[in-house]
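Just so it is clear, the structure is predicted and the values come from calculations on it, not from any experiment. Each chain gets a letter, A, B and so on, in the order the sequences are listed, and its residues count up from 1.
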Amino acid sequence: MTADFAQPTSKAADSGHRFDPTRRWAAHLKLGLAHREENGQGVTRLVTRQHQGPLRVQRPFYPEGRDGCCHVYLLHPPGGLVSGDALHIEAELAPHAHALLTTPAANKLYKADSHGVHWSQTTALKVAPGATLEWLPQDTIAFDGSRGQQSTEIALQGDARCLGWEVLVLGRQAGDLPFVQGQLDQRFALTRDDRPLWHERQLMEPQHPRFKGHWGQGSASVQATLWCVGLSAPDQAINTLREALPASPRWAVSHRQGVLLLRYLGHDRNEAWSLCLQAWCCLRPLWLGLPAQIPRIWLT
Amino acid sequence: MNTVTRMNTVTMNTLMNDDLALLGLLQLVSPALPIGAFAWSQGLESAFELGWVEDANDLTSWLEGVLNDGLARCELPVLARMRQAWAEQDQDRLQYWNDWLLASRETAELYDEDIRLGAALQRLLKSLSLAPTDGPTPPSYVGLFAWTADQRHISTRPMLLGFAWAWLENQLAVACKALPLGHTAAQQIIEQLRPSLTQAVDLALSLPDDQLGPMLPGLALGSAQHETQYSRLFRS
């Protein structure tokens with residue numbers, strides 16, 4: 001990975017006007033959230049906010065009250081990744097912090113340049129004992145011909161809790177521009193106290209038999225995965241989801257090793273998004289004893 | 001002892017060891033091994049129910065896909081790594097790969113299958129005075145398969161071929177019961193997939209650690225659907 005983050009050295013490279021196969025434009029964001037006692041109230045504060053390149057956060061919101069979950073919006077003004085982009089997001093929650101991280105818009109993965117240069121996006125989330133992280137980015141749209149690697153690593157410690165999702169749309173649905181070439185390498189790893197609980201890898205190559213084969217992607221142009229760790233009554237949670245969400249061969253839910261996993265494979269971005277949203281609304285009361293509070297940025 | 005006699009003795013011993021290793025492998029991959037493997041379909045029954053696999057051609061594609069995108073990237077390379085770790089008595093690595101394998105099980109049923117077959121194989125090995133005194137927890141089927149191969153001096157490549165063979169036979173037995181598929185048609189699929197088994201082993205032995213991991217989102221979805229399937233013959 002070191003080479004991927006190598007900094008351009010020439011002046012032309014600094015300006016970004018470089019289109020050779022080795023160019024890299026790096027952006028980093030590092031967030032730290034901590035639980036503080038203030039005037040007899042426990043408050044989650046954004047205590048670390050370091051960035052380099054076009055990745056920012058807005059001032060946090062407290063729509064659930066000052067002692068409630070801290071909502072943070074991650075901003076990436078370019079709105080998408082082009083060849084050579086290397087985004088790295090880190091967030092660390094200290095003991096007993098509670099944060100919801102989301103984005104104001106879909107993340108776009110643009111078509112690779114004429115050199116076929118890859119982009120990369122890595123996300124590393126650390127959650128300390130007693131802390132709760134909700135990782136709810138808006139969907140990711142991969143344009144035809146996009147090439148890159150996306151990796152999400154979540155490290156839980158002790159009884160840390162985490163719920164998150166990834167909604168991926170292949171091709172542009174509105175313009176009828178399907179994903180017929182390119183390559184997306186998507187990885188997830190979830191650990192507790194350094195022991196793996198769940199990991200997964202998807203290599204999406206439209207020409208490969210697994211892209212159409214039912215054991216693999218089954219030609220699905222939209223896929224979603226939702227995970228939830230820290231449910232005290234997982235069987236009840238599963239039953240609630242099966243009763244509340246519209247039955248369909250396109251999604252299913254299971255629970256193993258303390259991780260609830262809901263998956264969707266289909267063709268409808270809105271169906272996938274509303275499935276995840278409904279699941280979160282069903283789970284949050286069972287999981288945290290709190291009603292779901294829709295981040296207002298999703299409504300704009 | 002003259003040289004010729006000594007060479008003959010060495011050759012005889014080698015042959016004897018090879019013979020015992022081969023018999024050990026045949027015993028380990030036999031459908032008669034009483035660990036209850038016949039009760040598990042690894043998502044195949046769900047593929048029938050969902051209409052993804054309706055005939056022998058669909059089945060051949062499905063099996064080839066699961067072999068290349070599943071076994072060759074998950075069970076087989078982990079088997080090779082765990083066998084070596086058993087041979088070196090490296091308990092940390094055994095635990096690492098056991099955890100890794102279980103973390104790649106996407107659904108409750110796929111996870112249970114490993115654990116329950118592992119527990120059954122552990123009981124069987126105990127009754128044969130072959131069980132390990134130490135090892136990763138919870139014991140997985142793959143981990144104990146690797147242990148048994150090491151104990152029986154089965155080399156890595158035959159061990160992987162044997163594991164893949166047992167998987168294929170078991171999947172075809174599922175299809176014969178549930179699709180249904182004729183027994184001759186099942187043998188025809190074996191004829192067709194024999195080269196794929198050796199290619200899967202080649203791939204498994206060539207992949208570095210960071211390229212491992214099954215890529216079977218459809219199978220995972222089907223397996224999770226199986227939990228609520230109305231009528232079912234198999235536990236996965």
Side-chain angles (χ1 to χ4, degrees), chain A residues 1 149 151 168 184-205 208-220 223-225 227 234-235 238-239 241-243 247-266, chain B residues 42-44 46-54 58 61-70 73-74 95-115 136-138 210-229 236:
Chain A
M1 288 309 285
Q149 296 84 35
S151 119
L168 176 67
L184 300 187
D185 188 348
Q186 202 180 41
R187 294 162 187 255
F188 291 95
L190 176 68
T191 59
R192 177 157 38 218
D193 299 326
D194 298 324
R195 278 182 78 166
L197 292 181
W198 167 55
H199 57 77
E200 190 164 281
R201 182 175 177 214
Q202 307 294 346
L203 190 57
M204 280 157 278
E205 301 163 301
H208 194 280
R210 86 171 78 83
F211 196 75
K212 288 203 173 69
H214 282 295
W215 67 91
Q217 193 77 11
S219 300
Q223 64 175 44
T225 305
W227 64 89
D235 292 344
I238 294 245
N239 289 336
L241 291 176
R242 285 180 181 154
E243 280 164 28
S248 141
R250 294 180 295 281
W251 72 270
V253 61
S254 192
H255 182 270
R256 19 71 77 220
Q257 293 212 97
V259 186
L260 177 142
L261 287 172
L262 182 149
R263 293 162 197 286
Y264 170 90
L265 281 177
Chain B
Q42 294 189 9
L44 185 55
S46 193
F48 300 150
E49 176 75 13
L50 290 162
W52 293 348
V53 173
E54 295 185 317
D58 292 348
S61 307
W62 174 273
L63 293 174
E64 197 155 23
V66 174
L67 183 62
N68 290 326
D69 296 322
R73 298 172 177 279
C74 182
Q95 189 63 55
Y96 174 84
W97 285 111
N98 203 66
D99 287 346
W100 187 97
L101 180 85
L102 294 173
S104 72
R105 296 301 182 223
E106 301 97 331
T107 66
E109 290 183 355
L110 295 171
Y111 180 86
D112 276 359
E113 180 170 344
D114 250 308
I115 296 305
T137 51
D210 72 342
Q211 293 299 311
L212 301 187
M215 303 185 208
L216 307 164
L219 185 141
L221 180 72
S223 167
Q225 290 262 347
H226 191 256
E227 291 177 29
T228 54
Q229 191 170 315
S236 69

Between [X] and chain B, which part of the residue has a heavy atom less than 4.5 Å away: side chain, backbone, both or neither?
| X | value |
| --- | --- |
| A:R187 | side chain |
| A:S248 | backbone |
| A:E200 | side chain |
| A:P249 | both |
| A:L203 | both |

Quick check on [X] against chain A: is it the side chain, the backbone, both or neither that has a heavy atom closer than 4.5 Å?
| X | value |
| --- | --- |
| B:L212 | backbone |
| B:L221 | both |
| B:A47 | neither |
| B:D69 | side chain |
| B:E49 | neither |

With no hydrogens and no angle check, is any side-chain donor or acceptor of A:R256 less than 3.5 Å from a backbone partner on B:E109? no

Using 4.0 Å as the upper bound for N to carboxylate O, is an ion pair formed by A:R210 and B:E64? no

A:W215 and B:W62 aromatic ring geometry - parallel, tilted or perpendicular at 30°/60° bounds: perpendicular

Exercise: identify the closest heavy-atom pair between B:A224 and A:V253: CB-O, 4.0 Å

Identify the heavy atoms of A:H255 and B:A108 that sit nearest to each other, and give their distance. O-CB, 3.3 Å

With a 4.5 Å heavy-atom cut-off, do [X] and [Y] have their side chains touching?
| X | Y | result |
| --- | --- | --- |
| A:R201 | B:Q211 | yes |
| A:H199 | B:W100 | yes |
| A:R242 | B:T228 | yes |
| A:S254 | B:E106 | no |

So which of B:G213, B:S223, B:P214, B:S104 has the biggest tally of heavy-atom pairs under 4.5 Å with chain A? B:S104

Heaviest contributor of heavy-atom pairs below 4.5 Å to chain A, chosen from B:A103, B:G70, B:G218, B:S61, is B:A103

Take atom CG of B:D210 as the centre, draw a 6.0 Å sphere, and report whether it contains more than 12 heavy atoms from other residues, nucleotides or ligands. yes

